[in-house]
Q: 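A single structure is presented below for examination.
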Amino acid sequence: GAVVSQHPSWVICKSGTSVKIECRSLDFQATTMFWYRQFPKQSLMLMATSNEGSKATYEQGVEKDKFLINHASLTLSTLTVTSAHPEDSSFYICSARPRSTYNSPLHFGNGTRLTVT
Amino acid sequence: EDQVTQSPEALRLQEGESSSLNCSYTVSGLRGLFWYRQDPGKGPEFLFTLYSAGEEKEKERLKATLTKKESFLHITAPKPEDSATYLCAGAGGAAGNKLTFGGGTRVLVKP
């Protein structure tokens, strides 16, 4: 149980274009999802918290106009990287927890490798 | 500010050579300490949650323990398939319902 599916697993795009990444909770409802970014050999950096039916909360230093988050249903959150540039190339991972408690484990998708050329 | 620090950064083990990974934390009002395993190019895979000092959990060759200041992940008689990055994270306090991750320990088990 508690499976999180992320799509696509990898994407290559040209500089200036936008890319959408989907995160789905397959067997549970998630009122909150989290989006992380990970650079090679580094740990996960939280970008934003996605709340179903409301605006996402962004971490300090993360441009909300560049990284658009939509959490339209209890099983789907999307991250759109707008006007992507090579420095946006990274590994993006989403996560969700089945219950809205602080101490239930987060379950992660398998990540999306974004390469901007 | 909540902080989670893992050591060592990297660990090379021979197959069968037991060892421990350390996770030190300063998370006010800790609600849970989590251990994850991450393989290259994959998302983290949940291993354990520890809620209170003194608690221990086991899964195959892995055992996680928790004190008031740190957590340990013991790997007993590791096999090459235990090679991965192990991440710990704390939930609670100033971070609210978010997890604060440590930098991870990259474990390589040689046959």
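Chain letters run A, B, ... following the sequence lines, proteins first, then strands; residues in each count from 1.
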Q: What residue in B/Ala89, B/Gly104, B/Gly103 has the most heavy-atom pairs under 4.5 Å with chain A?
A: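 Most heavy-atom pairs under 4.5 Å with chain A: B/Gly103.
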
Q: Is A/Leu106 in contact with chain B via its backbone, its side chain, both, or neither, using a 4.5 Å heavy-atom distance?
A: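 Both parts, backbone and side chain.
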
Q: Could you check whether atom NZ of A/Lys55 has more than 12 heavy atoms from other residues, nucleotides or ligands sitting under 6.0 Å from it?
A: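 No, NZ of A/Lys55 has 12 or fewer neighbouring heavy atoms, counting only those of other groups under 6.0 Å.
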
Q: May I ask you to decide if B/Gly102's main-chain N or O and A/Ser43's side chain share a donor-acceptor pair within less than 3.5 Å?
A: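 Here the side-chain-to-backbone pair exists.
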
Q: For the atom pair CZ (A/Phe108) and CG (B/Leu99), what is the distance rounded to the nearest 0.5 Å?
A: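 So the CZ of A/Phe108 and the CG of B/Leu99 are separated by 6.0 Å.
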
Q: Under 4.5 Å between side-chain heavy atoms, counting indirect links through other Ile/Leu/Val/Met/Phe/Trp/Tyr residues: same cluster for A/Ile69 and A/Leu76 or not?
A: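 Cluster IDs for A/Ile69 and A/Leu76 differ.
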
Q: Hydrophobic clusters here meaning ILVMFWY residues chained together by side-chain heavy-atom distances under 4.5 Å, can you tell me if A/Leu114 and A/Tyr36 are in one?
A: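 They do not share one cluster, since no chain of ILVMFWY contacts under 4.5 Å joins A/Leu114 to A/Tyr36.
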
Q: What's the shortest heavy-atom distance between B/Pro44 and A/Leu44, and which atoms?
A: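 Here B/Pro44 and A/Leu44 meet closest at CG-CD2, 4.0 Å.
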
Q: If I take atom CD1 from residue A/Ile93 and atom NZ from residue B/Lys42, how far apart are they, to the nearest 0.5 angstrom?
A: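 It comes to 11.5 Å.
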
Q: Examine whether an atom of B/Tyr36 lies under 4.5 Å from a heavy atom of chain A, and if so say whether it belongs to the side chain, the backbone or both; otherwise answer neither.
A: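 For B/Tyr36, the contact with chain A is made by the side chain alone.
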
Q: Please determine whether residues B/Phe48 and B/Ile75 belong to a single hydrophobic cluster, defined as Ile, Leu, Val, Met, Phe, Trp and Tyr linked transitively by side-chain heavy-atom distances below 4.5 Å.
A: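 The answer is yes; both residues are in one hydrophobic cluster.
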
Q: Is A/Leu68 reachable from A/Val62 through a run of hydrophobic residues whose side-chain heavy atoms are each under 4.5 Å from the next?
A: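 In one cluster with A/Val62: A/Leu68, no.
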
Q: Pick one of side chain, backbone, both or neither for A/Gln6, based on which atoms fall under 4.5 Å of a heavy atom in chain B.
A: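 Neither part.
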
Q: Roughly how far, to the nearest 0.5 Å, is the NZ atom of A/Lys41 from the CZ atom of B/Arg106?
A: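 It comes to 5.0 Å.
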
Q: Any chain of hydrophobic side-chain contacts (each under 4.5 Å) joining A/Val116 to A/Met47?
A: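 In one cluster with A/Val116: A/Met47, yes.
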
Q: Are there over 12 heavy-atom neighbours, none belonging to A/His7, within less than 6.0 Å of that residue's NE2?
A: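 No, NE2 of A/His7 has 12 or fewer neighbouring heavy atoms, counting only those of other groups under 6.0 Å.
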
Q: Identify which part of B/Gln38 has an atom lying under 4.5 Å from any heavy atom of chain A, answering side chain, backbone, both or neither.
A: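 Just the side chain, heavy atoms under 4.5 Å.
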
